[in-house]
Amino acid sequence: MSEEIKERISDLMKINLSHKNLNADLRKEVSYLKDRMEYYQDMCEQLKKENRELRHIGKDFIEEHRNKGDL
């Protein structure tokens, strides 16, 4: 094999290795972001639930005082 071909193979092997490393880093980042997304989805659902409960409490409070003639 000529020296040029050997050098080209060496360069391509280095590029391949860097792509593998980059791919591994990207997979880690995707996994981390998926975990964060799931956490924030859970938090969003919890906040929606709390919001509904607070609205219900406020509605009940207003109706109770309205019925007593306080409002």
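Numbering starts at 1 and runs along the sequence shown.
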**Chi angles and distances behind the side-chain hydrogen bond (donor to acceptor under 3.5 Å, both in side chains) call for Glu50, Gln46** = CA-CA 6 Å; Glu50 290 175 13; Gln46 181 64 32; 3.1 Å; yes
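- Within a 6.0 Å sphere centred on CZ of Arg27, heavy atoms belonging to other residues, nucleotides or ligands number 12 at most.
- More than 12 non-hydrogen atoms from other residues, nucleotides or ligands lie less than 6.0 angstrom from CE of Met37.
- Remark: of the listed residues Lys48, Met43, Gln41, Lys48 is the sole one forming a side-chain contact (heavy atoms from CB on, under 4.5 Å) with Glu45.
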**Request:** Start with the C-alpha gap between His56 and Asp60, add the side-chain angles, then the distance that decides, and say whether side-chain hydrogen bond (donor to acceptor under 3.5 Å, both in side chains) holds.
**Result:** CA-CA 6 Å; His56 184 69; Asp60 289 348; 3.1 Å; yes
**From CA spacing to verdict: side chain to side chain contact (heavy atoms under 4.5 Å, CB included), Lys49, Arg52** = CA-CA 5 Å; Lys49 179 182 172 189; Arg52 282 190 299 270; 3.9 Å; yes
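- Looking at Lys28 and Tyr32, their side chains never come closer than 4.5 Å, going by heavy atoms from C-beta outward.
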**Message:** Could you walk me through whether Lys6 and Ser2 satisfy the side chain to side chain contact (heavy atoms under 4.5 Å, CB included) test, starting with their C-alpha distance in whole Å, then the side-chain angles of each, then the deciding distance to 0.1 Å, before giving a yes or no?
**Reply:** CA-CA 6 Å; Lys6 288 179 182 178; Ser2 72; over 6 Å; no
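- How far CD of Glu4 is from CD1 of Ile9: 12.0 Å, rounded to the nearest 0.5 Å.
- Note on Met13 and Ile5: same hydrophobic cluster, where clusters join Ile, Leu, Val, Met, Phe, Trp and Tyr whose side-chain heavy atoms are under 4.5 Å apart, directly or indirectly.
- The CG atom of Asn23 sits 10.5 Å away from the CG atom of Asn16 when rounded to the nearest 0.5 Å.
- Expressed to the nearest 0.5 Å, how far CG of Leu33 lies from OH of Tyr40 amounts to 11.0 Å.
- To the nearest 0.5 Å, atoms NZ (Lys59) and CZ (Arg66) are separated by 10.5 Å.
- Counting heavy atoms from C-beta on, the side chains of Leu12 and Arg8 come closer than 4.5 Å.
- A heavy-atom distance below 4.5 Å is found between the side chains of Glu38 and Asp35.
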